[in-house]
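All remarks here apply to the structure that follows.
Just so it is clear, the structure is predicted and the values come from calculations on it, not from any experiment. Letters A, B, ... mirror the listed sequences (proteins, then strands); counts begin at 1.
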Amino acid sequence: MLQTTYIKENRAELIERLTVRGIDATEMVDQIIELDDKRKSTQADLDSILAESNLIAKEIGALYKQGKADEANAAKAKAGESKEAASGYQEAMASVQESLNQLLYQLPNVPHLSVPNGNSDADNELVSVHGTKPSFAFAPVPHWDLVKTHNLVDFELGVKITGAGFPVYLGKGARLQRSLINFFLDEARDAGYTEIIPPFVVNEASGFGTGQLPDKEGQMYHMAEDNLYMIPTAEVPLTNIFRDVILKEEELPKKLTAYSPCFRREAGSYGKDVKGLNRLHQFDKVEVVQVVAPEKSYEALDSMVAHVTGLLDKLGLHYRVLRLCGGDLGFTSALTYDMEVWSGGQGRWLEVSSVSNFETFQANRLKLRYRKGTDKPQLAHTLNGSALALPRIMAALIENNQTETGINIPEVLHQYTGFKSIEFDA
RNA sequence: GGAGAGUUGGCAGAGUGGUCGAUUGCACUAGUCUUGAAAACUAGCGUACCGAGAGGUACCGAGAGUUCGAAUCUCUCACUCUCCGCCA
């Protein structure tokens with residue numbers, strides 16, 4: 001959420017920037033400013049009443065010590081009055097604060113100046129295209145047929161055990177998956193990220209901290225008996241490490257990485273979007289998270305994009321980098337780059353990474369601050385990105401590297417897989 | 001699942017219903033001393049909000065209650081630890 005002081009001081013600019021998302025926030029912003037003014041005046045009134053009550057209470061104590069019970073009892077009557085007045089203001093205060101928070105939760109982050117206008121993914125800005133589009137001397141087969149024919153992933157078996165969207169990886173399919181995880185983690189470590197194995201289940205406070213709650217409650221699997229949520233991404237536990245934390249400036253930047261399975265309830269659409277490995281309820285991902293000083297955050301964003309594109313280069317995939325337009329930009333993000341790989345069997349682009357700078361939006365809710373020397377604490381900037389999401393990488397690798405006799409494994413993975421290709425049985 | 005103990009500032013750890021937002025120690029910051037450092041000594045040292053400032057208000061796990069007044073008493077909840085049981 002945004003800070004009210006920021007909203008007040010930058011009212012016009014804020015409204016102007018939010019039009020990039022296709023929303024007119026004028027009314028909401030003005031309500032927020034009005035409510036915050038009301039909050040301030042209410043608090044001033046309440047504080048002076050409480051100050052008076054505190055004073056009377058102290059006097060009563062002193063009177064009793066002096067044995068002046070009559071005067072003390074007279075003072076008690078006076079105290080009763082101010083107590084009643086205070087409770088009225090207290091209720092008013094709570095209700096103003098509540099309405100204010102409700103509005104603040106609904107106001108999305110301010111898009112960075114470089115975010116293009118637009119309503120949907122069709123308006124995203126193409127930043128760059130890399131590698132070469134694979135070409136085939138035969139009709140390439142989509143991955144869902146390849147993995148089925150060659151026993152790499154069994155979707156029906158997943159349905160039997162759990163349900164749709166929970167695939168079972170088999171044999172070399174499983175080993176390829178595990179190899180990719182190890183490759184991504186090693187690369188992240190080489191890039192200076194500390195490896196973490198976090199809990200894959202989080203409590204309510206963590207869900208609120210990163211903004212999955214209260215709005216996107218339906219996207220997470222919830223275990224009602226213990227009131228715990230299965231993580232939709234390692235971003236949740238990783239970022240919540242810093243909830244209610246004040247770091248020293250010299251501790252920044254914090255760079256963390258973690259592998260985790262990710263669980264998403266999201267009711268998918270139908271057809272080719274969700275076919276095979278394209279969209280799942282459970283999938284694997286390696287995530288990177290950074291906490292940095294505000295003046296360094298766009299530098300950090302660039303370095304994260306470079307890290308992710310480096311991975312795609314090493315895997316020899318044909319991919320493109322997009323800058324998300326206002327309409328496609330996530331609620332909490334100020335600037336997001338998406339990486340999409342070309343899927344040779346499906347003939348389409350697949351999103352495999354999303355790298356975002358949240359500036360102080362996430363830190364404000366998390367109360368993640370840092371301190372320069374002996375200054376007052378101030379909000380840090382947070383960033384995260386997928387590096388990378390496994391299933392679609394797997395899909396692209398299998399489709400793009402298929403031959404008539406097998407699937408070639410990129411050289412960089414050989415030391416992890418222990419095999420150079422998956423041969424088709426004759 | 002059963003029984004018990006606990007939750008106070010970065011950490012440790014006091015706190016009889018009334019100058020307690022909180023003793024003290026460690027850590028940390030500055031100063032004195034020293035060629036420098038250590039030691040010693042002196043001072044400072046939680047967070048948020050309101051206020052131009054002086055200053056005020058709130059917070060002792062969370063919430064409610066009793067009281068003129070609650071870290072302290074009562075209730076509810078959460079969490080942690082110990083022992084037992086079960087189990088990888």
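Going from atom CG of A:Asp45 over to atom P of B:G56 covers 18 Å, rounded to whole Å. One atom, CG of A:Leu46, and another, C1' of B:A58, lie 9 Å apart when rounded to the nearest Å. B:A48 atom P lies 20 Å from atom CZ of A:Arg365, rounded to whole Å. With rounding to whole Å, A:Tyr89 atom OH is found 18 Å from B:A58 atom C1'. Between A:Glu59 atom CD and B:U19 atom C1' the separation is 13 Å, expressed in whole Å. Going from atom NZ of A:Lys248 over to atom P of B:C28 covers 9 Å, rounded to whole Å. If you measure from atom CG of A:Leu50 to atom C1' of B:G21, you get 16 Å, rounded to the nearest angstrom. One atom, CD of A:Glu251, and another, P of B:C28, lie 14 Å apart when rounded to the nearest Å.
If you check B:A48, B:C68, B:G56 against the side chain of A:Gln43, the one that comes closest is B:G56. Distances from the side chain of A:Arg39 to the nucleotides B:G56, B:C50, B:A58 place B:C50 closest. Considering only the side chain of A:Lys40, B:C50 comes nearest among B:U57, B:C50, B:U47. Of the candidate nucleotides B:A58, B:U47, B:C49, B:C49 has the atom nearest to the side chain of A:Lys376. Distances were taken from every side-chain heavy atom of A:Arg369 (C-beta onward) to each of B:G56, B:C50, B:A48; the shortest belongs to B:A48.
Nearest-nucleotide positions on RNA chain B place A:Ala57 closer to the 5' end than the other of A:Ala57 and A:Asn54. Nearest-nucleotide positions on RNA chain B for A:Ile246 and A:Lys76 put A:Ile246 closer to the 5' end.
Taking a pair as Watson-Crick or G-U wobble with both distances under 3.5 Å, RNA chain B forms stems of 3 or more consecutive pairs at B:1-7 with B:78-84, B:10-12 with B:24-26, B:28-32 with B:40-44, B:46-50 with B:55-59, B:61-65 with B:73-77.
Look at the C1' atom in both B:G25 and B:G9: the space between them is 14 Å, to the nearest Å. B:U76 and B:A5 have their P atoms separated by 15 Å, with the value rounded to a whole Å. Taking atom C1' on both nucleotides, B:C86 is separated from B:A3 by 16 Å, rounded to a whole Å. Spacing of C1' atoms, B:C81 relative to B:U32, comes out at 46 Å, to the nearest Å. Using atom C1' as the reference point in both B:U72 and B:C83, the two lie 30 Å apart (nearest Å). The gap from the C1' atom of B:U74 to that of B:C26 amounts to 37 Å, rounded to the nearest Å. As rounded to the nearest Å, B:G4 and B:C77 have P atoms that lie 15 Å from one another. B:G10 sits 24 Å from B:U19 when the P atoms are compared, rounded to a whole Å.
Looking at heavy-atom distances under 4.0 Å, A:Ile60 makes contact with a base. Note on A:Asn73: nothing from the nucleic acid sits closer than 4.0 angstrom, heavy atoms only. In this structure, A:Ala51 reaches the sugar-phosphate backbone alone: every heavy-atom distance under 4.0 Å involves primed, P, OP1 or OP2 atoms, never a base.
There is no side-chain donor-acceptor pair under 3.5 Å between A:Tyr337 and A:Glu125. Using a 3.5 Å distance cut-off with no hydrogens or angles, the side chains of A:Gln177 and A:Asp284 do pair a donor with an acceptor. Side-chain contact of A:Ser206 with A:Asn203: a donor-acceptor pair under 3.5 Å is present, judged by distance alone. Between the side chains of A:Thr332 and A:Gln362, not a single donor N or O lies within less than 3.5 Å of an accepting N or O. One side chain, A:Gln102 or A:Glu98, offers a donor N or O that lies under 3.5 Å from an acceptor on the other. Looking at A:Gln3 and A:Thr5, their side chains never bring a donor and an acceptor atom within 3.5 Å of each other.
Taken from CD in A:Gln402 to OG in A:Ser421, the straight-line distance is 14.0 Å, to the nearest 0.5 Å.
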Before giving the answer on side-chain contact (heavy atoms from CB on, under 4.5 Å), spell out for A:Tyr259 and A:Leu390 the whole-Å C-alpha distance, their side-chain angles and the decisive distance to 0.1 Å. CA-CA 10 Å; A:Tyr259 152 75; A:Leu390 277 279; 5.8 Å; no

I'd like to know whether A:Leu315 forms a side-chain contact (heavy atoms from CB on, under 4.5 Å) with A:Phe184, so could you lay out the CA-CA distance, the side-chain angles of the two residues, the decisive distance to 0.1 Å, and finally the verdict. CA-CA 11 Å; A:Leu315 290 172; A:Phe184 293 150; 4.0 Å; yes

